[in-house]
Each structure stands twice: as structure tokens, then as C-alpha cells.
Amino acid sequence: EKVEITKEQRALVKAIVDAYNRHQIPQDVAKKLLQEQYSAEENFLLLTEMATSQVQVLVEFTKNIPGFLSLDREDQIALLKGSAVEAMFLRSAQVLSKKMPNGHTDVLEERVRKSGISEEFMTPMFNFYKSVGELHMAQEEQALLTAVTILTPDRPYVKSHQAVERLQETMLDVLRKLCVLQHPHEPMYFARLLGRLTELRTLSHYHAEMLTSWRMNDHKFTPLLCEIWDVQ
Ligand SMILES: CC(C)c1onc(-c2c(Cl)cccc2Cl)c1COc1ccc2cc(-c3cccc(C(=O)O)c3)sc2c1
């Protein structure tokens, strides 16, 4: 059937893409990836700084998702805590697959590979990065998929499950339409996008184990990361 994006849906996409573009890691922070030395310690510290900056960016982006600030306050916190790792896997995947002009991509990959993450997590992590890269997502799809991930109703401690579900469905409906319009010859494209969300859940579980092994080697995180990841 003819897929139509309504005026409201076009406004919603614009609001989300503008927020996604407006909130980025500051260039002086991202540039550090290129400058500092290469040691497991230095890489870990840099990635910690990037993740902390990314969480701040994520909070600002989330506040601009239409309807998010109307949710119950405690649910807003529960959604952010529950989705932060997945949103950061998505963001780092987009950076790694975007082949950043300023050389961030190879440097970021190198630093992630040498930051004390055990081999067993490397394979699934870089398989995910590869599968996101192969999708060649448009920025509307990246922004909407991040919003869909944040608005996942079944995160721990979410009370108004239905209110979150309604918001997520609004995003999913416009994402589905965008995928059909932008990938007319790939009827399964939307399904493949959603398949990445399943992979993100698995990576989120691996990540909890990554945190434990870093902590066992006495690695320190920032207060913001400790708060959002319930560590220390
Ligand atoms: C605490 C730290 C050691 C850590 O623990 N787990 C993870 C993690 C790792 Cl390894 C992989 C996936 C997810 C997580 Cl959460 C991390 C590092 O997480 C991050 C998170 C976001 C970003 C965005 C970047 C980035 C670069 C250039 C440009 C841009 C840009 O947005 O322009 C963004 S780098 C970066 C590093």
C-alpha cells in the first residue's frame, strides 16, 4: 500500500534529527582520541572520558525526544539507565562505520581493542559494529533507532509501561515508514534494523561482565558512569 508520512510524523523526525545533530561529543574531547599515547591504561582513561561525555550528550538528546519529559520522572531515569550502554554501542558503531574523516575510526577501534576488554567480548562487539556498518543507516534512521532504544518499555523499574510503549510505537511507526521510503528495494530493511536491537540486548549483558572484569583490575570510572551503571 502507498506509505505516507503525515505532517506530524515529519515534524517528529525533524525534532529528533535536530536533537541528534545538536548533541554531539565536543570536538576537543573527540580529538583526544588522536593525540594521547597508546597504552591499555591510556586507552581505558580516554574511553572513560568519551563514555562520560557521551552520557551527557545522551541525556540532552533524550530530553528532546517529544513526550519524554511528560513521562513519570522516575521512569525517565529508569529508561536512561537501562538504555545508556545500548545507545552508546549504537553511537560508537556509527562512529566506527562512518569512517570518520578526521581519522577517529581507526584510532577508536585500536583503543577499544587495547583497553583491557577480554577477547570473548571483542568478537561479538566487532561483529555488531560490522553489521551496523553494513546497513549504511541514514542519520534519520540512526536518530530514530536511538530514540526507539531509549524508549524500551521493559527496562528494570519502569512503572508506566504503557506510556513508554505508546511513545516507542510512535517512533517505530515513523521509522518503519522511513525505511520503506528510503530503501524501496529492501523490504526487509526495517526488520534488519530491529534485529540490531536484539543484538544490543546481548551486548548489554556482555558489557556488565566487561565492567566487572575492569573493576577487578582496579579500573576507576567517573561519578556519572558509576551512577548510570550502578557500580562502586
Ligand atoms: C568507560 C569506558 C572504558 C567504556 O566502558 N564501556 C564502553 C563501551 C565500549 Cl568499549 C563499546 C561500546 C559501548 C560502551 Cl559503553 C566504554 C567506552 O564507551 C564509549 C561510548 C561512546 C563513545 C563515543 C565515542 C565517539 C568517538 C568519536 C566521535 C564521537 C562523536 O559522537 O562524534 C563519539 S567513543 C565512545 C566510547
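First listed ligand is number 1; within each ligand, the first listed atom is number 1. Keep in mind that what you see is a predicted model, and the values were worked out from it rather than measured.
Checking His23, Gln27, His207, Gln54 against atom 22 (C) of ligand 1, the nearest heavy atom belongs to Gln54. Comparing Thr48, Leu58, Val57 against atom 3 (C) of ligand 1, the shortest heavy-atom distance belongs to Thr48.
Residue-level proximity to ligand 1 for Leu203 is absent, since no heavy atom of it falls below 4.0 angstrom. Heavy atoms of Tyr129 found under 4.0 angstrom from ligand 1 belong exclusively to the side chain. Under 4.0 Å from ligand 1, not a single heavy atom of Leu211 appears. Of all the heavy atoms of Trp229, the ones lying under 4.0 Å from any atom of ligand 1 belong exclusively to the side chain. Residue contacts with ligand 1, taken as heavy atom pairs separated by less than 4.0 Å, involve Leu47 via backbone and side-chain atoms alike. Only the side chain of Leu225 comes within 4.0 Å of ligand 1, judged by heavy-atom distances.
At least one N/O-N/O distance between Arg91 and ligand 1 falls below 3.5 Å. Considering backbone and side-chain N/O atoms, Ser92 never comes within less than 3.5 Å of an N/O atom of ligand 1.
The atoms of ligand 1 that sit less than 4.0 Å from any heavy atom of Leu33 are 26 (C), 27 (C). Taking a cut-off of under 4.0 Å to the non-hydrogen atoms of Ile25, the atoms of ligand 1 that pass are 23 (C), 24 (C), 25 (C), 33 (C). Taking every heavy atom of Leu108 and a limit of under 4.0 angstrom, the matching atoms of ligand 1 come to 34 (S). Proximity to Gln24 (heavy-atom distance under 4.0 Å) selects the following atoms of ligand 1: 31 (O), 32 (O). Below 4.0 Å from some heavy atom of Trp214 lie the following atoms of ligand 1, by number and element: 3 (C), 5 (O), 6 (N).
For the pair Lys14 and Asp18, the salt-bridge criterion is met [side-chain N within less than 4.0 Å of a carboxylate O].
Residues Tyr129 and Phe89 approach most closely at CE2-O, 3.7 Å, considering heavy atoms.
In Gln162, the CD atom is not crowded: 12 or fewer heavy atoms of neighbouring residues, nucleotides or ligands sit closer than 6.0 Å.
For Glu8, there are no salt bridge (Lys or Arg N to Asp or Glu O under 4.0 Å) partners two or more places apart in sequence or in a different chain. Every salt bridge (Lys or Arg N to Asp or Glu O under 4.0 Å) that Lys159 has, sequence neighbours left out, goes to Asp72, Glu74.
Between Tyr206 and Phe121, the ring planes lie tilted relative to each other; the angle falls in the 30° to 60° range. Ring pair Phe61/Tyr20 is perpendicular by interplanar angle, where above 60° counts as perpendicular and below 30° as parallel.
In this model, no donor atom of one side chain and acceptor atom of the other lie less than 3.5 Å apart for Arg155 and Ser83. Counted by atom type alone, Asn64 and His23 present one or more donor-acceptor pairs between their side chains at under 3.5 Å.
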Could you walk me through whether Leu172 and Leu194 pass the side-chain contact (heavy atoms from CB on, under 4.5 Å) check? CA-CA 9 Å; Leu172 282 167; Leu194 297 189; 3.8 Å; yes
